[in-house]
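Remember, it's a predicted structure, so these values are computed and weren't measured experimentally. Residue numbers start from 1 in every chain, and the chains themselves are labelled A, B, ... in the order their sequence lines are given, proteins ahead of strands.
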Amino acid sequence: MFSAIYVEEPLLSHPRVETIVARYGHLPLIPIERYGEIFNRKAQNFRLQKQAPALIIASKQNNLVLPAPEQYGLGGKHNYYFSHLLNCIYDCRYCFLQGMYRSAHYVWFANYDDFAQAIHDKIEQHANESCYFYSGYDCDSLALEPVTQFVDYFLPVFSRHANAVLELRTKSTQIRSLLDRTPMDNCVIAFSFTPENISQQLEHKVPSNRKRLDAMIKLQKKGWRVGLRFDPLIYDDSYYASYEGLFNDIFSQVDIDQLHSVSLGVFRLPETFYRNMQRLYPAEQLFAAKIANRDGMVSYQADIESKLVDDCESLLLKYIPKSIYYPCSME
Amino acid sequence: MLNLIVALAEEARPVIHHYRLKRLHHLHAFPVYGSDDIRLIVSGMGNLAAATATGYLAGIGGVTKSSAWLNIGVAGSSSIAVGEIVLAHKVTNVIREQHFYPTLCFEVACKTAAIETVAVPQVDYVEGVVYDMEAAGFFSAAMRFSTTEMIHCLKIISDNNVGDVDNISAAGVVSLVEQRMDVIADVVGKLLEMINELAADNQGEQEMDFIRSRFYLTVSQQTQLNTLMQNWFALTDVSPLALLNIDTLKTSKALLHALQVKLDELPVKY
Ligand code: SF4
């Protein structure tokens, strides 16, 4: 799973870290001073690294909880994100992490107590208001769960704060730790989907739509609140039929009345990320077809984009009430 | 191109023999040997020599972003058996207190180790450390030309006791390298695979050459053409020259416009 394990020296005796180091005892263990010695340095190639990333175990010192990007919100007034992990075991060709970082190594921040304190401080700031915390911005929230034990640590943190909602965003089927717990009203597990033909071409190493849907249904049956994220919407010449099929497949199986939220957003990237990604994968159709640059954001040509969004929105609203629908705007 | 940097002629000999490399007699500053996809330079001992030889190979041409670099040589260690071979996972320039981290993105049939590059042969080994005299100089120079996934150091342990370092014969060095040619060949093979993977992305070179020979393009039109050509081959394997009626296009502007129009007509299918 990893090519090597780098550990910041002060963490070598941390119990959570010792367990992982022992589990991967056959791998090179390389003590380092700070994770920045390895991660995101110059002269690194994300694409080559992605073939065998290393696990870097570090402690995050500053900016543990940050305001969430505009398009991330689900209607709440106070939106934050925090990242216990940078990068992802999956390899979606549209993933902005490839454009943002030079390294594909996974950085796992093991100082959970500091994150919990920072989350607590933010919640205190909004004592009588609800606030949202997103954990899947720089990673997939659950995919590396067997290593990070994220759920086991952070769900109890949020169980003490009813006014704070935690969103776990995932394409993974690592749901055992959730199924073993009592469902919480203030935790949403949001699953992302693209149509199967697109998923197979662009979402490398990701569990199939069938497996993801099964995981989602299991959680819903257990009483967990689940959400759906159709983000990014991907264009191809038969997108209408593909999305019609995808929506039909999903909404005929999930309990729509129990859905927490559904959001939809078109493929879009900051120009610098797009350029980095196209440099990594020059032969990738996604970066070549019907693309336009508008004010530093790269997306589909305007006519294609609005048709894609309008059509998918109309298809979607045949199944779900507007009250749980959250479009992700580019503005 | 895979570039091998080796300090001593004795370390180089088994590698030259294995890959049937030929001496490139027109190059005089260092002994350089080559084949179609591999070059080997005998740098001489020490950090400076290794860095200079690395720069020299880059300077004589044939180096692109997809080139790889491998330093092969003998080293000392008190805790690893003589004859064992290790791949560096960390390289330290002891004098400058600089660290380099080769990115290990392939599996190898040997252990990995931290290497400390020292200025003079060590006689007093610290437990767990591998000592050499070239890796850091080599690594810092190679990082100017390629990314850390493409730069590696393989070291064969030649001595591990105080005083041993003076007793290594030239024939002994040849024999140590010969015995580890299997691992060297494995790493060379992996690096060549990575080079080919990166080089496979350069489609459209022929078309670009043809277009450049027929049209005058400004610098910004060249960039535009690069992008259009890259996007074209991301969508189809059919050459755009087969679909454009080049003879009817009188100017470079008309050519770029026609290419864009045809590009937008290509099907998008997943
Ligand atoms: S699952 Fe999400 S975080 Fe992981 S590669 Fe795909 S888009 Fe990126």
Side-chain angles (χ1 to χ4, degrees), chain A residues 2-6 27-33 37-39 41-54 56 93 102-105 194-203 234-239 242 275 278-291 300-301 304, chain B residues 65-66 68 86-90 97-108 110-114 128 139-140 142-151 190-191 193-195 197-198 200-204 226-237 263-270:
Chain A
F2 311 121
S3 58
I5 308 221
Y6 297 91
L27 296 178
L29 173 67
I30 307 161
I32 52 173
E33 278 172 38
E37 279 182 87
I38 315 292
F39 189 75
R41 305 289 295 196
K42 275 190 248 160
Q44 303 206 5
N45 182 309
F46 191 102
R47 176 173 167 179
L48 291 173
Q49 257 181 36
K50 191 77 192 170
Q51 295 177 359
I56 303 172
R93 198 51 67 244
R102 291 193 191 106
S103 306
H105 296 318
T194 59
E196 189 65 41
N197 58 324
I198 292 172
S199 176
Q200 280 178 13
Q201 295 286 321
L202 296 181
E203 296 175 343
I234 303 289
Y235 174 85
D236 85 349
D237 293 341
S238 50
Y239 76 86
S242 305
R275 296 219 174 285
Q278 198 180 30
R279 216 171 290 135
L280 289 176
Y281 297 98
E284 175 54 60
Q285 160 171 238
L286 175 71
F287 305 131
K290 320 276 188 212
I291 290 295
Y300 293 119
Q301 294 160 3
I304 301 258
Chain B
K65 282 251 175 243
S66 59
V86 292
L87 182 72
H89 60 228
K90 178 178 180 179
E97 294 184 21
Q98 259 180 326
H99 305 297
F100 305 98
Y101 295 92
T103 302
L104 309 170
C105 53
F106 48 84
E107 278 185 19
V108 278
C110 69
K111 284 187 189 155
T112 69
F139 209 96
S140 68
M143 272 176 69
R144 293 188 178 271
F145 312 112
S146 293
T147 60
T148 55
E149 298 76 23
M150 306 296 272
I151 309 171
K190 301 262 167 59
L191 290 173
E193 271 173 35
M194 282 161 54
I195 291 170
E197 188 189 329
L198 292 179
D201 288 331
N202 297 333
Q203 256 187 304
N226 280 345
T227 310
L228 283 169
M229 214 50 100
Q230 181 174 308
N231 290 350
W232 183 279
F233 282 106
L235 295 172
T236 177
D237 288 333
L263 181 69
D264 283 338
E265 286 169 7
L266 290 175
V268 186
K269 271 247 140 304
Y270 287 104

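Most heavy-atom pairs under 4.5 Å with chain A: of the set B:Leu235, B:Thr112, B:Leu263, this distinction falls to B:Leu235. Of the listed residues B:Met143, B:Lys269, B:Lys111, the one with more heavy-atom pairs under 4.5 angstrom with chain A than any other is B:Lys269.
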Taking it one step at a time, do B:Thr147 and A:Gln49 satisfy side-chain contact (heavy atoms from CB on, under 4.5 Å)?
-> CA-CA 10 Å; B:Thr147 60; A:Gln49 257 181 36; over 6 Å; no
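Contact record, B:Ala234 with A:Pro282: CB-O, 3.8 Å, taken as the closest heavy-atom pair. Taking all atoms of both residues into account, the shortest heavy-atom contact from A:Asp236 to B:Val268 is CB-O, 3.4 Å.
Neither the backbone nor the side chain of A:Ala54 comes within less than 4.5 Å of any heavy atom of chain B. Contact annotation for A:Gln200: neither backbone nor side-chain heavy atoms come within less than 4.5 Å of a heavy atom of chain B. With a 4.5 angstrom heavy-atom cutoff, A:Arg41 does not touch chain B via any of its atoms. Of the two parts of A:Leu286, the backbone and the side chain both hold a non-hydrogen atom closer than 4.5 Å to a non-hydrogen atom of chain B.
Side chain of B:Glu149 to main chain of A:Asn45: a donor-acceptor pair is present (N/O by atom type, distance under 3.5 Å, no hydrogens or angles). For the pair A:Ser3 (side chain) and B:Leu104 (backbone), a donor-acceptor distance under 3.5 Å is present.
Few gaps surround CD on B:Glu265; more than 12 heavy atoms of other groups in view lie less than 6.0 Å from it.
Side-chain contact between B:His99 and A:Ile32 is absent, with no heavy-atom pair separated by less than 4.5 Å.
Looking at residues two or more places apart in sequence or on another chain, you find no side chain to side chain donor-acceptor pair (under 3.5 Å) involving B:Arg144. Residues meeting the ring-ring contact (aromatic ring centres under 6.0 Å, His included) test with A:Phe39, sequence neighbours left out: A:Tyr101.
Judged purely by distance below 3.5 Å, without hydrogens or angles, the side chains of A:Gln51 and B:Glu197 pair a donor atom with an acceptor atom.
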